[in-house]
Amino acid sequence: GAVVSQHPSWVICKSGTSVKIECRSLDFQATTMFWYRQFPKQSLMLMATSNEGSKATYEQGVEKDKFLINHASLTLSTLTVTSAHPEDSSFYICSAREGHTGSYNEQFFGPGTRLTVL
Amino acid sequence: AQSVTQPDIHITVSEGASLELRCNYSYGATPYLFWYVQSPGQGLQLLLKYFSGDTLVQGIKGFEAEFKRSQSSFNLRKPSVHWSDAAEYFCAVGAFQAGTALIFGKGTTLSVSS
């Protein structure tokens, strides 16, 4: 299957700082990318959907000014957690889909990024 | 509303015993169904998927799942569980439209006893 990478795999930062997480589709062009958040022992919750070259669409309850998403190319999306606080500590997982018409486009997942805010 | 229900939060199975994890979905469109497994601190691994055709699908690690449209279910099974199968299992449903994301169930934690 197609490969999605995330960088970094884990990050520790101080409260009040900003952290950027990169998500790359390595061998396909991702028309759409998704960002999920997973708290310990919980399921994946969709945060936002981004289409290349467009503004991201955020799920209800997700602060768009705190979680900045950029999808500037067909292979790269970034999630920036601004002014991070301990409650932002979580496992962030990105995924990507191609945009072929006429067939189902499977969603491929990155390995996740563990964010710890001190 | 679109949703995925995994009724069992935690299941314990003896090693060598059979396993069935339940998944029910509510989806307005034709569902594309998935099962993922996640070990602690790790990312998701796709076990199997159903798009169309034969309603019994085979996956990796000896897992299989059966799609039953009349029951809106996609239960995961394994005939003989190994200790290494202990993990979190997520059922997910998706749609054909390219811009729509998979919706996940809350997950079932599988413990394997010796």
Side-chain angles (χ1 to χ4, degrees), chain A residues 1-6 9-10 23 28-52 54-60 62 71 74 90-114 116, chain B residues 1-11 21 23 25 27 29-53 57 59-60 67 86-111:
Chain A
V3 179
V4 177
S5 70
Q6 280 185 244
S9 55
W10 59 270
C23 175
F28 67 100
Q29 293 187 322
T31 303
T32 306
M33 286 187 166
F34 308 93
W35 287 94
Y36 291 82
R37 182 175 184 177
Q38 185 181 31
F39 290 110
K41 299 188 183 301
Q42 294 190 25
S43 186
L44 282 76
M45 298 301 297
L46 180 67
M47 298 175 66
T49 300
S50 72
N51 292 298
E52 185 264 339
S54 302
K55 288 186 177 180
T57 301
Y58 291 81
E59 296 299 301
Q60 190 173 8
V62 177
H71 189 173
L74 285 171
S90 190
F91 195 49
Y92 292 88
I93 302 174
C94 77
S95 71
R97 290 180 82 171
E98 292 181 285
H100 297 308
T101 57
S103 62
Y104 180 77
N105 293 279
E106 190 170 336
Q107 194 171 326
F108 299 99
F109 287 84
T113 296
R114 173 79 55 196
T116 301
Chain B
Q2 302 158 355
S3 65
V4 177
T5 302
Q6 294 180 245
D8 305 304
I9 297 174
H10 191 177
I11 284 182
L21 301 182
C23 172
Y25 66 91
Y27 212 69
T30 299
Y32 294 79
L33 295 157
F34 304 82
W35 275 99
Y36 291 87
V37 62
Q38 185 180 38
S39 297
Q42 302 298 310
L44 298 175
Q45 181 179 23
L46 178 65
L47 286 176
L48 48 77
K49 57 193 177 187
Y50 173 76
F51 290 173
S52 64
V57 293
I60 62 171
F67 171 60
E88 190 78 16
Y89 290 79
F90 294 100
C91 179
V93 64
F96 184 86
Q97 291 85 351
T100 56
L102 289 184
I103 298 171
F104 286 82
K106 292 187 180 298
T108 298
T109 302
L110 173 65
S111 297

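The figures that follow rest on heavy atoms only: side chains count, while hydrogens, waters and symmetry mates do not. Per chain, numbering begins at 1; letters A, B, ... match sequence-line order.
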Quick one: donor-acceptor pairs under 3.5 angstrom, chain B versus chain A?
from   : atom 1 : to     : atom 2 : distance (Å)
B:Q38  : OE1    : A:Q38  : NE2    : 2.8
B:Q38  : NE2    : A:Q38  : OE1    : 2.9
B:K49  : NZ     : A:E106 : OE1    : 2.6
B:K49  : NZ     : A:E106 : OE2    : 3.4
B:A95  : O      : A:R97  : NH2    : 3.2
B:Q97  : O      : A:R97  : NH1    : 2.9
B:T100 : O      : A:R97  : NH1    : 2.6
B:L102 : N      : A:Y36  : OH     : 3.2
B:L102 : N      : A:Q107 : OE1    : 3.0
B:L102 : O      : A:Y36  : OH     : 2.8
B:G105 : O      : A:S43  : OG     : 2.5

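Scanning all heavy atoms of the two residues, the minimum distance from B:L48 to B:G59 falls at CB-CA, 3.7 Å. Shortest non-hydrogen contact noted between A:F91 and B:G41 is CZ-O, 4.5 Å.
The parts of B:F96 that come within reach of chain A are both its backbone and its side chain, each placing non-hydrogen atoms under 4.5 angstrom from that chain. Looking at B:A95, the atoms closer than 4.5 Å to chain A (heavy atoms on both sides) all sit in the backbone: N, CA, C or O. Contact annotation for A:L44: both backbone and side-chain heavy atoms come within less than 4.5 Å of a heavy atom of chain B.
Interatomic distance, CZ of A:F109 versus SG of A:C23, reported as 10.5 Å (0.5 Å rounding). For the atom pair B:C91 SG and B:F34 CZ, the distance stands at 10.0 Å (nearest 0.5 Å). To the nearest 0.5 Å, atom CZ of residue B:F67 and atom SG of residue B:C23 are 10.5 Å apart. Separating the CD1 atom in A:I93 from the CE atom in A:M47 is a distance of 11.5 Å, to the nearest 0.5 Å.
The shortest side-chain heavy-atom distance between B:V57 and B:L33 does not fall under the 4.5 Å cut-off.
Within a 6.0 Å radius of CD1 in B:I9, other residues, nucleotides and ligands contribute 12 heavy atoms or fewer.
Interface summary for chain A: among B:L46, B:L44, B:L102, the most heavy-atom pairs under 4.5 angstrom belong to B:L102.
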